[in-house]
Undergrad: 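This is the structure I have questions about; it appears just below.
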Amino acid sequence: MSSQKIETGHQDMVHDVQMDYYGKRIATASSDFTIKIVSVSKNSGSQILATLNGHKGPVWQVAWAHPKFGSMVASSSYDGQVIIWKEGNQNQWSQAHVFSAHKSSVNSIAWAPHELGLCLACGSSDGSISVFIARSDGGWDNNPIEQAHPVGVTSVSWGPTTAPGSLVGSSSEDPVWKLASGGFDSTVKVWTLKDGSWRRDSSLSLQMHTDWVRDVAWSPNLGLQKSTIASGSQDGTVIIWSTKEGGKWDATLMNDFKTPIWKVSWSLTGDLLAVSDGNNHITLWKEAASGKWQQVTTVEP
């Protein structure tokens, strides 16, 4: 497997790299206050297409909207702002919207599944989660979860829009609005939108971690009979949370890596989990028939 080095041109640490829907471009977020849009192709290597300036602090995350909404990137920063960038003419990006709902660092952003429309969840150190929903007139509404994790929200992840066990596209029911969040309080919480307001899924916070949760990732369920969330923590562990519809969430310790976990992310089919840790290792994990999780491979950086 040949690797390709991508030059981003950032002047400081890069915190996030996200590939667009087609795999043709990446967006990068950096401590140098900027976002870069970089083309990646097998033949011609990488090329910096645009530098997006607007944040007044380190940029933690970037996220591409689904292409059905046009060419659009969201970014979140230490400065408390979330910016929606829109591409007009090729490589000409402008700020389509700036959200200033948060009083401190916005640590995590995630676009909702496109079936729910153009909708962005943002988790902040001020303890709240904002959920910005685009209106047809071009404005945005915010349906927030106040004090989701009072000491600060570290990560947000959307759940699938279909209930576990139902076939994608076959259900005439309304899509499900669900969010998972992680916090500096070492807990994972699950939220469902009911009758226009967000409610906690279970009265218990999901508490297994002994230090702050750095990342949560909800698995695409694709017809499976259960919902599954992975969480990675500063304490070095990855926990797998799963529930049959409406039941309580069960926790499985997937592995103790003995070093902080930076990121957990699922494959599109939801059967592989990639974990990146503080030793700069990326490992892939799969659930065996026994229910135990096994390491499949290590990806060399």
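Counting begins at 1 with the first residue of the sequence.
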Undergrad: So does Asn89 have more than 12 non-hydrogen atoms from other groups sitting under 6.0 Å from CG?
TA: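 Counting neighbours around CG of Asn89, 12 or fewer heavy atoms of other residues, nucleotides or ligands fall under 6.0 Å, so no.
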Undergrad: Determine whether the side chains of Ser75 and Trp85 contain a donor N or O and an acceptor N or O closer than 3.5 Å.
TA: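 Their side chains do contain a donor-acceptor pair, which is all the 3.5 Å distance test asks for.
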Undergrad: Does the side chain of Lys189 come within less than 4.5 Å of Asp185's, by heavy atoms?
TA: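 Yes; the side chains approach each other to less than 4.5 Å.
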Undergrad: Taking it one step at a time, do Met72 and Leu118 satisfy side chain to side chain contact (heavy atoms under 4.5 Å, CB included)?
TA: CA-CA 11 Å; Met72 205 182 295; Leu118 189 61; 4.0 Å; yes
Undergrad: Phe184 vs Trp212 aromatic rings, parallel, tilted or perpendicular, using cut-offs 30° and 60°?
TA: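 Geometry flag for Trp212 against Phe184: tilted rings.
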Undergrad: Among side-chain atoms of His55 and Thr34, is any donor-acceptor pair under 3.5 angstrom?
TA: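 No, Thr34 and His55 have no side-chain donor paired with an acceptor closer than 3.5 Å.
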Undergrad: Do any N or O atoms from the side chain of Trp111 and from the backbone of His66 form a donor-acceptor pair under 3.5 angstrom?
TA: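 Between the backbone of His66 and the side chain of Trp111 there is no qualifying donor-acceptor contact (under 3.5 Å).
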Undergrad: Taking the six-membered ring for Trp and the single ring otherwise, decide whether the centroids of Phe69 and His114 are under 6.0 Å apart.
TA: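 Centroid separation for Phe69 and His114: 6.0 Å or greater.
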Undergrad: Within the distance-only criterion (no hydrogens, no angle test), does the side chain of Trp198 pair as donor or acceptor with the backbone N or O of Pro144 below 3.5 angstrom?
TA: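 No; judged by distance alone, with no hydrogens or angles, the pair does not exist.
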Undergrad: Drop me the distance from Ser231's OG to Trp241's CH2, to the nearest 0.5 angstrom.
TA: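 Rounded to the nearest 0.5 Å, the OG-CH2 separation comes out at 5.5 Å.
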Undergrad: When hydrophobic residues are tied together by side-chain contacts of less than 4.5 Å, even through go-betweens, does Leu120 share a cluster with Ile133?
TA: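 In one cluster: no.
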Undergrad: Trp140 ring centre to Arg135 NZ or CZ under 6.0 Å, with the angle to the axis within 45°?
TA: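 No; the conditions do not both hold, so Arg135 does not lie above the ring face of Trp140.
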Undergrad: Under the side chain to side chain contact (heavy atoms under 4.5 Å, CB included) criterion, do Thr283 and Gln295 qualify, and how do the steps go?
TA: CA-CA 7 Å; Thr283 48; Gln295 186 175 330; 3.4 Å; yes
Undergrad: Measure from the side-chain N and O atoms of Thr252 to the backbone N and O of Met254, and report whether any donor-acceptor pair falls under 3.5 Å.
TA: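 It does not hold such a pair.
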Undergrad: Should Asp12 and His10 count as side-chain neighbours, where that means a heavy-atom distance under 4.5 Å?
TA: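 When only atoms from C-beta onward are counted, His10 and Asp12 do not touch, as no gap falls below 4.5 Å.
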Undergrad: Take a 6.0 Å sphere around CH2 of Trp262 and say whether it holds more than 12 heavy atoms from other residues, nucleotides or ligands.
TA: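 Counting other residues, nucleotides and ligands, CH2 of Trp262 stays at 12 neighbours or fewer.
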Undergrad: Are side-chain N/O atoms of Thr243 and Asp250 paired as donor and acceptor at under 3.5 Å?
TA: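 There is no such pair (donor and acceptor under 3.5 Å, judged by atom type) between the side chains of Thr243 and Asp250.
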Undergrad: Hey, could you give me the OG/NZ distance between Ser41 and Lys24, rounded to the nearest 0.5 Å?
TA: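 That separation rounds to 9.5 Å.
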Undergrad: Is there a donor-acceptor contact under 3.5 Å from the side chain of Ser124 to the main chain of Ser104?
TA: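 Indeed, once roles are kept as given, a pair shorter than 3.5 Å links the two residues.
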Undergrad: Applying side-chain hydrogen bond (donor to acceptor under 3.5 Å, both in side chains), run through Trp191 and Ser181 and close with a yes or a no.
TA: CA-CA 8 Å; Trp191 311 88; Ser181 61; 2.9 Å; yes
Undergrad: Kindly determine whether Ser76 and Gln61 satisfy side-chain hydrogen bond (donor to acceptor under 3.5 Å, both in side chains), including the steps that lead there.
TA: CA-CA 5 Å; Ser76 70; Gln61 283 197 349; 5.1 Å; no
Undergrad: Assess the residue pair Asn255 and Trp293 against the criterion (side chain to side chain contact (heavy atoms under 4.5 Å, CB included)); give the C-alpha distance rounded to whole Å, side-chain angles, the decisive distance to 0.1 Å, and a yes or no.
TA: CA-CA 8 Å; Asn255 192 43; Trp293 286 77; over 6 Å; no
Undergrad: Start with the C-alpha gap between His209 and Asp235, add the side-chain angles, then the distance that decides, and say whether side chain to side chain contact (heavy atoms under 4.5 Å, CB included) holds.
TA: CA-CA 7 Å; His209 291 298; Asp235 68 13; 3.3 Å; yes
Undergrad: Would you call Lys178 and Asp201 a salt bridge, taking side-chain N to carboxylate O under 4.0 Å as the test?
TA: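 A salt bridge is present here (some side-chain N lies under 4.0 Å from a carboxylate O).
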Undergrad: Is the side chain of Asn143 donor-acceptor paired with the backbone N or O of Gly196 at a distance under 3.5 Å, no angle test?
TA: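 Answer holds: yes.
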Undergrad: Is the backbone N or O of Gly139 less than 3.5 Å from a side-chain atom of Asp137, with the two atoms forming a donor-acceptor pair by type?
TA: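 Yes, the answer is positive, given that a donor and an acceptor are paired below the 3.5 Å cut-off.
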Undergrad: About how many Å separate CD of Gln47 and CG of Asn91, when rounded to the nearest 0.5 Å?
TA: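 Here the interatomic distance stands at 8.0 Å.
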Undergrad: Say whether, by atom type as modelled, one donor and one acceptor occur between the side chain of Ser155 and the main chain of Val216 under 3.5 angstrom.
TA: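 A pair under 3.5 Å: yes.
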Undergrad: Measure the CD1-OG distance between Ile37 and Ser71 for me, rounded to the nearest 0.5 Å.
TA: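 OG of Ser71 is found 7.5 Å from CD1 of Ile37.
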Undergrad: Do Val38 and Val17 sit in the same hydrophobic cluster, where Ile, Leu, Val, Met, Phe, Trp and Tyr count as joined when their side-chain heavy atoms come under 4.5 Å apart?
TA: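 Yes, Val38 connects to Val17 through the hydrophobic network.
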Undergrad: Should Val14 and Met19 be counted in the same cluster of Ile, Leu, Val, Met, Phe, Trp and Tyr side chains packed under 4.5 Å apart?
TA: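 Yes; Met19 is reachable from Val14 via cluster members.
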Undergrad: Say whether Leu193 and Val131 are linked into one hydrophobic cluster, either directly or through other cluster members, by side-chain heavy-atom distances under 4.5 angstrom.
TA: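 Yes, Leu193 and Val131 fall within the same hydrophobic cluster.
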Undergrad: Side chain of Lys286, backbone of Leu273: donor and acceptor closer than 3.5 Å?
TA: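 No, Lys286 side chain to Leu273 backbone: no donor-acceptor pair under 3.5 Å.
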Undergrad: Keeping the roles fixed (side chain from Asp277, backbone from Thr259), state whether a donor-acceptor pair exists under 3.5 Å.
TA: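 Not at all, since once roles are kept as given, no pair shorter than 3.5 Å links the two residues.
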Undergrad: Applying side-chain hydrogen bond (donor to acceptor under 3.5 Å, both in side chains), run through Ser77 and Trp60 and close with a yes or a no.
TA: CA-CA 5 Å; Ser77 166; Trp60 300 134; over 6 Å; no
Undergrad: Taking the six-membered ring for Trp, is the centroid-to-centroid distance between Trp285 and Phe257 below 6.0 Å?
TA: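 Yes, they do, as the ring centres are separated by less than 6.0 Å.
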Undergrad: Just wondering, do Ile26 and Val62 contact through their side chains at under 4.5 Å, heavy atoms?
TA: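 They are not in side-chain contact.
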Undergrad: So with a 6.0 Å cut-off around OH of Tyr78, is the heavy-atom count from everything else above 12?
TA: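 No, the 6.0 Å shell around OH holds no more than 12 heavy atoms from other groups.
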Undergrad: Any salt bridge between Glu115 and Lys68, counting N to O under 4.0 Å?
TA: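 Not counted as a salt bridge, because no side-chain N and carboxylate O are separated by less than 4.0 Å.
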Undergrad: To the nearest 0.5 Å, tell me how far His102 NE2 sits from Gln81 CD.
TA: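 Taking NE2 in His102 and CD in Gln81, the distance rounds to 11.5 Å.
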Undergrad: Can you measure from CD1 (Ile48) to NZ (Lys36) and round to the nearest 0.5 angstrom?
TA: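 So the gap between those two atoms works out to 5.0 Å.
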Undergrad: Determine whether a donor-acceptor pair (N or O, by modelled atom type, separation under 3.5 Å) exists between the side chain of Ser94 and the backbone of Ala96.
TA: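 Not confirmed, Ser94 side chain does not pair with Ala96 backbone.
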